[in-house]
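Let me begin by presenting the structure, written as structure tokens, before commenting on it.
Both backbone and side-chain heavy atoms feed into the values below; hydrogens, waters and symmetry mates do not. The chains referred to below are lettered A, B, ... by the order of the sequence lines, with proteins before strands, and numbering in each begins at 1.
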Amino acid sequence: YPISIINKINVCHSEVLSFVTADIISTVEFNHTGELLATGDKGGRVVIFQQEIENKNLPQFRSEYNVYSTFQSHEPEFDYLKSLEIEEKINKIRWLPQKNAAQFLLSTNDKTIKLWKISERDKRPEGYNLKEEDGRYKDPNSITALRVPVLIPMDLMVEASPRRVFSNAHTYHINSISVNSDNETYLSADDLRINLWNLEITDRSFNIVDIKPTNMEELTEVITAAEFHPLHCNTLVYSSSKGTIRLCDMRESALCDKHSKLFEEPEDPSNRSFFSEIISSISDVKFSHNGRYMMTRDYLSVKVWDLNMENRPVETYQVHEYLRSKLCSLYENDCIFDKFECCWNGNDSVVMTGSYNNFFRMFERSQRRDVTLEASRENSKPLQVLKPRKVCAGGKRKKDEISVDSLDFNKKILHTAWHPQENIIAVATTNNLYIFQDKVN
Amino acid sequence: MSTAADMDVNMDVNMEARRILAVSISKLYASRAQRGGLRLHRSLLLSLVMRSARDIYHSSSRDSEPHSGPSPPEEPMDTTSSVEPERTVSEPQPTSPSAQAATEEPEAEYERGASGDKENLSPAKQSRKRRGKTSAAPDFLPSKRARLEPGEERYAACCRSGHPESLTSLSLNRVISAF
């Protein structure tokens, strides 16, 4: 049968890019071609890696991702009015499709979104008439000839400059940003509101969803994630802490409080516990590339929804069901509040998400196969094939299996990304970024 | 009719609920010191867990005390409260919502007592005296109480006296409304 990504995630070249301990990776995102990979961290920094293909003619070509640009996107701020510190942690990065030589991305912390331009400079002008090479001005009397400065090659310099700052539009903490397919607008979502921006205009945004109750005591749910449809510029979805997803059509009205569709699966009453509400909270929602499906991640599972069917998902994948009996401990150590993300591969045939013990999971949809892999230094030598892992939920533990009680809950993979075209994945552990790729045989 | 086995199970559930309540309250207090301010989503989830734990604690306490007599109706804690007009829920709040919460407690309690359950607020029920081990509040609950204005009295917000969850039930609403 055809070799699929699940069958052989052969590590062709594994690159481990480690950061200083203080910087916990908080977001990972490939750009639209996959050539660039951006990471944001808790310290407000953005690091961009660029793909360099060694030799396309080789039967198993290797891609390397090397540091392309590093810049400080956000700084810690203090809101004097509320006596609150605003964290500089980068919550999300989203790339804009490329329009010219420069690259653009949006990065956001809890309160402010910034549009960054990343451009290359590989030439510099030389031969000014009025200035020396070091910048000092010449004595005008010494100038006897006139010449045209020329551009000479220089070492590549990548510059990042903030082109727009979108601030003061969110009362609550921003959890999502999403660029519209029209490439002119984007949305930003906090716990209770979603705003629509024009990329060119920073002093104004339109509120399109507002779920704040008049009396905050009546609050029962918050917005946890939001995304624009990849193809239909009028459609967006947002997920809630109650496990529901609402699809909104911006053509219906200016304020999209009334949803067009409500996606919700009835709760299984046999699974009810103190923590049912927490684990049903959706931590991430992602449209498939073809726009026909969307995927949601809650604490224990990944669900794939058909946009035409609201009453239940078409597929449900258990990420780590063995944790269901440990919810009380996970509540005590705060792990139950962890927000895992999920992602699609380029052709929407595989979905991926993270777990604990530096495990991450891939689910192949059509064949209903899944695999658990581990991102760790020991397993990630170049050209080493990743070995599937298995967690022993109960009973006799087989060799090579790991028992639930030995799992390290401090080692969590919250952020993963899949190259839009190739089988290259980026997996972030707490301080390290791992890049794995499929061996083309 | 509850058997001895049922009582044991009830005790376990009761203990579990109390433990979760205590853990939740300490998380709530700890989140005040969090960098970046109180997180609405987290606070909401904490309050939901506390509510479930409190309800279980309630019902298992009731089951394990079959002779406590007809229980007074429990006040719903999460409906719109018409008795708190002065606490307008305005935009994002201040420095220490829990401090604000603590100071607001007496006012709300007072009003609730006044408007709602006069017939149930017998002097005995007003007392916060602990009655027996099962209803004693865990002693690691924070003991800070707000200063009362002169002339104000403390009323049990819930008609069960000596119940630790009167502290928690107030915390639930105040936390969210403080945003």
More than 12 heavy atoms from other groups under 6.0 Å of CG on A:D257: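 Counting other residues, nucleotides and ligands, CG of A:D257 exceeds 12 neighbours.
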Whether over 12 other heavy atoms sit under 6.0 Å from A:F78 CZ: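 Yes, enclosed.
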Below 4.5 Å from any heavy atom of chain B, which atoms of [X] appear? Answer side chain, backbone, both or neither.
X	answer
A:I223	neither
A:D334	both
A:S276	neither
A:F337	side chain

Audit row: B:L45, A:Y331, side chain to side chain contact (heavy atoms under 4.5 Å, CB included) steps and yes/no: CA-CA 11 Å; B:L45 293 178; A:Y331 179 69; over 6 Å; no
Atom group of B:S24 that falls short of 4.5 Å from chain A, counting heavy atoms: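 Interface part for B:S24: both.
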With rounding to the nearest 0.5 angstrom, report the [atom1] to [atom2] distance, [X] to [Y].
X	Y	atom1	atom2	answer
A:E277	B:R51	CD	CZ	9.0 Å
B:S52	A:R272	OG	CZ	5.5 Å
B:L38	A:L84	CG	CG	8.0 Å

Min side-chain heavy-atom separation B:L48-A:I278 under 4.5 Å: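 No - every pair of side-chain heavy atoms lies 4.5 Å or more apart.
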Non-hydrogen side-chain atoms of A:T224 and B:H41 separated by less than 4.5 Å: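 They are in side-chain contact.
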Carboxylate-amine/guanidinium contact [X] [Y], below 4.0 Å:
X	Y	result
B:R39	A:D110	yes
B:R35	A:E88	yes
A:E332	B:R19	yes

Closest heavy-atom pair and its distance - B:L44, A:S241: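 Between these two residues, the closest heavy atoms are CD2-OG, 3.9 Å.
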Residues forming a ring-ring contact (aromatic ring centres under 6.0 Å, His included) with A:Y238, sequence neighbours excluded: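 Checked A:Y238 against ring-ring contact (aromatic ring centres under 6.0 Å, His included); zero matches.
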Salt bridge (Lys or Arg N to Asp or Glu O under 4.0 Å) against A:K242, all qualifying residues, sequence neighbours excluded: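 Applying salt bridge (Lys or Arg N to Asp or Glu O under 4.0 Å) to A:K242 gives none.
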Which of A:I336, A:D191, A:N109 touches chain B most, by non-hydrogen pairs under 4.5 Å: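 Max contact count across the listed options: A:D191.
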Polar side-chain atom of A:H173 near backbone of B:G36 as donor-acceptor pair, under 3.5 Å: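 Yes, A:H173 side chain to B:G36 backbone: donor-acceptor pair under 3.5 Å.
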